[in-house]
Amino acid sequence: DAGVIQSPRHEVTEMGQEVTLRCKPISGHNSLFWYRQTMMRGLELLIYFNNNVPIDDSGMPEDRFSAKMPNASFSTLKIQPSEPRDSAVYFCASSFRRGMNEQFFGPGTRLTVL
Amino acid sequence: ILNVEQSPQSLHVQEGDSTNFTCSFPSSNFYALHWYRWETAKSPEALFVMTLNGDEKKKGRISATLNTKEGYSYLYIKGSQPEDSATYLCAFSGATNKLIFGTGTLLAVQP
C-alpha cells in the first residue's frame, strides 16, 4: 500500500485565492482526519470523518474552511478565501474506525498564503 | 476541555544516555493512549497504542508504560542514538476515535 497520499505537497498562493487540498486514505480505512500544524498551536484536529460522514468539525477555524469526503477513497479540504494566517502544514491521516487503532499520516501539504 | 500535557518541552542528551518523557491525560472516559514519533520535515509515525492500565510496550530501545487511574504514561529511550532525535507526541483517545494530541517533547541527541 502506498500509504496516505496528499496533494499538492507544496502550495503557494495569494491572499483571497481559493485553495483545495486533497487526500487519499489507505485503502480499507474508514476514518479520515484533517490536521493543521502551526508553531503556535502544534498539531490540531480540524475535522474527521467516519465512513465518509463528518463526525466532528469543531476544530474548523471559520466558515472559510470546508471539507468533503464524497467517497471512501478521497477527501478535500478547501479554504476560500485564503488568508496569510492560514499558512501552515496540513496533514491528512486515516485509520480503522476504532479509538485504539493508530492513525497513519500523509506527508502533509505545506501551504503559504502571501 | 480535554488537556494532554507533555514534559519536558525539550530535552538535549548525549549519545548513549537513557531518557524518559511524561504524558499526562484525563483519567476519565479513557479509551487509548497513543505515542507517535515525528522527525523534522516528515509526518508523525505511530510507536505504540496502549489501552490497559499497567500496560507496557516495547520496540527496540524504546518502551512505554501506562497508568490510566492516575492519567499518565512514560516513554523511555535506552541508550539514545542521534537517529532518535525527533519530537515525541502522545495522544489521548476517549469514547470516539478522535485523538487529542499533546504539544510534544523535542529530543535532541548529540553524538
Side-chain angles (χ1 to χ4, degrees), chain A residues 1-7 9-10 21 23-26 29-60 67 88-110, chain B residues 1-10 21 23 25-26 28-53 55 57 59 62 64 66 68 73 75 86-106:
Chain A
D1 198 317
V4 176
I5 298 172
Q6 290 187 248
S7 65
R9 295 291 305 275
H10 302 273
L21 311 181
C23 176
K24 177 177 167 49
I26 291 173
H29 282 183
N30 48 13
S31 290
L32 183 140
F33 306 81
W34 281 102
Y35 292 92
R36 178 170 69 175
Q37 179 208 0
T38 61
M39 288 293 290
M40 293 295 293
R41 302 175 68 129
L43 193 64
E44 53 178 340
L45 178 68
L46 300 177
I47 185 171
Y48 79 96
F49 298 82
N50 283 344
N51 297 317
N52 314 338
V53 176
I55 301 301
D56 185 344
D57 65 355
S58 59
M60 296 285 260
V89 180
Y90 291 81
F91 286 100
C92 174
S94 71
S95 75
F96 292 109
R97 186 186 170 278
R98 281 191 299 161
M100 69 172 67
N101 278 305
E102 63 196 86
Q103 293 184 11
F104 292 82
F105 283 76
T109 294
R110 180 173 293 278
Chain B
I1 296 176
L2 297 175
N3 216 24
V4 177
E5 296 183 352
Q6 291 187 246
S7 63
Q9 243 184 344
S10 63
F21 330 128
C23 172
F25 53 87
S28 58
N29 298 317
F30 175 85
Y31 194 83
L33 192 284
H34 298 229
W35 279 101
Y36 286 81
R37 182 171 178 275
W38 194 359
E39 288 184 71
T40 303
K42 294 188 177 180
S43 47
E45 290 184 356
L47 283 172
F48 306 115
V49 180
M50 296 184 289
T51 57
L52 300 175
N53 185 44
D55 210 0
K57 299 267 185 175
K59 187 181 287 187
I62 305 177
L66 178 67
T68 61
S73 175
L75 186 79
T87 295
Y88 292 83
L89 292 171
C90 71
F92 164 88
S93 169
T96 70
N97 57 344
K98 171 179 174 177
L99 292 182
I100 309 297
F101 280 89
T103 51
T105 293
L106 174 62

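Chain letters run A, B, ... following the sequence lines, proteins first, then strands; residues in each count from 1. Treat the numbers as computed from the prediction; the structure is a model and nothing was measured.
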Practice item. List the steps and the verdict of side-chain contact (heavy atoms from CB on, under 4.5 Å) for B:Val4 and B:Cys90. Key: CA-CA 8 Å; B:Val4 177; B:Cys90 71; 3.5 Å; yes
Exercise for review: Give me the ring orientation class for A:Tyr48 and A:Phe33: parallel if the planes are under 30° apart, tilted from 30 to 60°, perpendicular past 60°.
Suggested key: parallel
Review point. Does the gap between the ring centers of A:Tyr35 and A:Phe91 come in under 6.0 Å?
Key: no
Review point. Side chain, backbone, both or neither: which part of A:Glu44 has an atom under 4.5 Å from a heavy atom of chain B?
Key: neither
Study note, to complete from the structure: Honestly, the part of B:Leu89 sitting under 4.5 Å from a heavy atom of chain A is side chain
**Study point:** Heavy-atom side-chain proximity of A:Cys23 to A:Leu32 below 4.5 angstrom
**Key:** yes
Revision key, fill the gap. Cut-off 4.5 Å, heavy atoms of chain A, and the answer for B:Tyr36 is side chain
Check your understanding: Is it the backbone or the side chain of A:Leu43 that comes under 4.5 Å from a heavy atom of chain B, or both, or neither?
Key -> both
